[in-house]
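Note sheet for the following structure.
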Amino acid sequence: MTVLPAPTGLDAQGLLAREGSLARVQPAFRPVVAAVRDRLPAVFGARLHSAYLYGSIPRGTARVGRSDLDLLIALREEPADADRAAVQALGEALDQEFRQIDGVGTLLCGRERLLSDLERYDLGWFVACLCTPLLGEDLAAHLPRYRPDSLLARETNGDLGRWLPRWRERIARAEDTEEARRPLVRFMSRHLVRTAFTLVMPRWQGWTSDLREMAEVFGAYYPERAAKLRTAAAYGYEPVGDPQVLRSYVDDLGPWLAAEYARVHGVKAPRPD
């Protein structure tokens with residue numbers, strides 16, 4: 001029998017507390033963060049509105065040589081192709097220079113989009129609750145406080161059904177090697193575990209970013225799927241290159257989860273391509 005963990009991640013008013021802080025960045029990763037802070041203004045100049053860390057580094061749970069650096073960059077206007085190329089070049093340079101990190105993942109958005117009504121319960125929530133300010137004005141000051149309710153669940157992860165066909169295409173295009181499949185297993189495992197967690201988040205009334213805890217919370221409500229979620233959480237940290245894992249995600253776990261999510265919370269509002 002799965003024991004339900006006690007809810008976490010809320011303040012005294014039952015609102016989601018912001019996770020992460022610069023104070024939690026471990027010493028090994030501080031030079032990387034300092035480099036980002038120094039270099040971003042040179043890349044974007046006055047067009048840079050603000051920048052944020054998210055993920056394991058600001059949560060203080062990063063593993064040296066294993067964790068990636070996650071950034072969100074907000075520009076004063078919508079980014080262009082040249083901006084995306086500049087971000088990619090910066091990420092590649094940081095990855096080569098600092099062995100503490102295993103890759104750089106960057107979200108690049110315009111300020112208007114991040115504060116839009118359409119993104120209020122997705123990217124807006126992400127900035128306000130999961131991002132740690134690094135540079136510039138904190139956009140969280142213009143966003144509401146959030147509760148772990150069905151609206152938030154729907155608008156954060158209620159689009160899995162739309163992603164599954166693209167996942168199948170990515171799997172089909174991938175080289176037939178374990179090395180090529182491991183990043184796909186890692187990415188899809190994390191996406192599925194987070195979606196499974198937000199499916200039950202309104203019932204649990206809490207928040208966590210720990211994949212294993214997410215799987216445990218989900219398993220308390222769906223014990224028949226608990227073992228598969230625990231395995232997916234493990235692969236989110238230590239991926240394998242097994243093609244059967246990927247097939248099980250797009251043929252079994254993913255379709256079931258997308259259908260159950262739509263039944264419980266509805267489908268996320270469409271976004272422009």
**OP:** Report the C-alpha distance between E216 and R212 in whole Å, list the side-chain angles of each, state the deciding distance to 0.1 Å, and finish with yes or no for salt bridge (Lys or Arg N to Asp or Glu O under 4.0 Å).
**Re:** CA-CA 6 Å; E216 292 304 315; R212 293 188 176 90; over 6 Å; no
**OP:** Please identify each residue that fulfils side chain to side chain contact (heavy atoms under 4.5 Å, CB included) with F187, with sequence neighbours left out.
**Re:** W167, R170, H191
Original post:
Got a sec, which residues hit side chain to side chain donor-acceptor pair (under 3.5 Å) with R181, two or more places apart in sequence or on another chain?
Top reply: D176
Original post:
Minimum heavy-atom separation for V267 to R154, with atom names?
Top reply: O-CD, 3.6 Å
**OP:** Measure the spacing between CZ of R76 and NE2 of H49 and express it to the nearest 0.5 Å.
**Re:** 5.5 Å
Original post:
side chain to side chain donor-acceptor pair (under 3.5 Å): which pairs involve residues 28-44, sequence neighbours left out?
Top reply: R39-E97
**OP:** Would you confirm whether Q26, through its side chain, and A62, through its main-chain N or O, come within 3.5 Å as a donor-acceptor pair?
**Re:** yes
Original post:
Hey, does the side chain of T198 reach the backbone of M201 with a donor-acceptor pair shorter than 3.5 angstrom?
Top reply: no
**OP:** Could I get the full list of ring-ring contact (aromatic ring centres under 6.0 Å, His included) partners for Y222, not counting sequence neighbours?
**Re:** F218, W256
Original post:
With no hydrogens and no angle check, is any side-chain donor or acceptor of T8 less than 3.5 Å from a backbone partner on W207?
Top reply: yes
Original post:
Which pairs, with at least one residue in residues 122-143 and sequence neighbours excluded, count as a salt bridge (charged side-chain N to carboxylate O under 4.0 Å, His left out)?
Top reply: R18-D138, D122-K268, D122-R271
Original post:
Short question: side chain of T61, backbone of I57 - any donor-acceptor pair under 3.5 Å?
Top reply: no
Subject >> Closest heavy-atom pair and its distance - P58, V25 >> reply: CA-CG2, 4.2 Å
Original post:
Which distance, rounded to the nearest 0.5 Å, do you find between the OG1 of T195 and the CG of N157?
Top reply: 4.0 Å
**OP:** Mark yes or no for whether D95, through its side chain, and G103, through its backbone, hold a donor-acceptor pair below 3.5 Å.
**Re:** yes
**OP:** Begin with the C-alpha distance, continue with both residues' side-chain angles, and end with the deciding distance and a verdict on side chain to side chain donor-acceptor pair (under 3.5 Å) for E92 and Q88.
**Re:** CA-CA 6 Å; E92 290 172 353; Q88 182 175 348; 3.1 Å; yes
**OP:** Decide if atom CZ of R162 counts as having more than 12 heavy atoms of other residues, nucleotides or ligands within a radius under 6.0 Å.
**Re:** yes
**OP:** Could you tell me whether the side chain of E155 and the main chain of A269 form a donor-acceptor pair under 3.5 Å?
**Re:** yes
Original post:
What residues form a side chain to side chain donor-acceptor pair (under 3.5 Å) with Y52, not counting sequence neighbours?
Top reply: S50
Subject >> With sequence neighbours excluded, residues passing side chain to side chain donor-acceptor pair (under 3.5 Å) with Q205 >> reply: none
Original post:
Under 3.5 Å, side chain of Y237 to main-chain N/O of L211, donor-acceptor pair present?
Top reply: yes
Subject >> Shortest non-hydrogen contact from G91 toward V104 >> reply: O-CG2, 3.5 Å
Acceptor/donor pairs from residues 245-252 side chains to any protein atom, 3.5 angstrom cut, sequence neighbours excluded:
{"residue": "S248", "atom": "OG", "partner": "V245", "partner atom": "O", "Å": "2.7"}
{"residue": "Y249", "atom": "OH", "partner": "S189", "partner atom": "OG", "Å": "2.7"}
{"residue": "D252", "atom": "OD1", "partner": "R225", "partner atom": "NH1", "Å": "3.4"}
{"residue": "D252", "atom": "OD2", "partner": "K228", "partner atom": "NZ", "Å": "2.5"}

Original post:
Within a reach of under 6.0 Å around CD of E112, are more than 12 heavy atoms found that belong to other residues, nucleotides or ligands?
Top reply: no
**OP:** Step by step, work out the ring-ring contact (aromatic ring centres under 6.0 Å, His included) result for F126 and Y54.
**Re:** CA-CA 9 Å; F126 184 75; Y54 67 94; 4.8 Å; yes
Subject >> Pairs touching residues 140-149 that satisfy salt bridge (charged side-chain N to carboxylate O under 4.0 Å, His left out), sequence neighbours left out >> reply: D11-R145
Original post:
So, R190 side chain and G236 main chain: donor-acceptor pair closer than 3.5 Å or not?
Top reply: yes
Subject >> Atom CD of E175: over 12 foreign heavy atoms under 6.0 Å >> reply: no
Original post:
Do Y221 and W204 have their ring centres less than 6.0 Å from each other?
Top reply: no
**OP:** Drop me the distance from L71's CG to L94's CG, to the nearest 0.5 angstrom.
**Re:** 7.5 Å
**OP:** Taking salt bridge (Lys or Arg N to Asp or Glu O under 4.0 Å) as the test, write out the residues that go with E213, two or more places apart.
**Re:** none
Subject >> By side chain to side chain donor-acceptor pair (under 3.5 Å) - contacts of R168 (at least two apart) >> reply: none
Original post:
What closest approach, in Å, do L152 and T156 show between heavy atoms, and which atom pair accounts for it?
Top reply: O-OG1, 2.8 Å
Subject >> Sequence neighbours excluded - salt bridge (charged side-chain N to carboxylate O under 4.0 Å, His left out) pairs with any residue from residues 51-63 >> reply: E19-R59, R63-E238
**OP:** Report yes or no: does H265 contribute a side-chain atom to a donor-acceptor pair with the main-chain N or O of L199 at less than 3.5 Å?
**Re:** yes
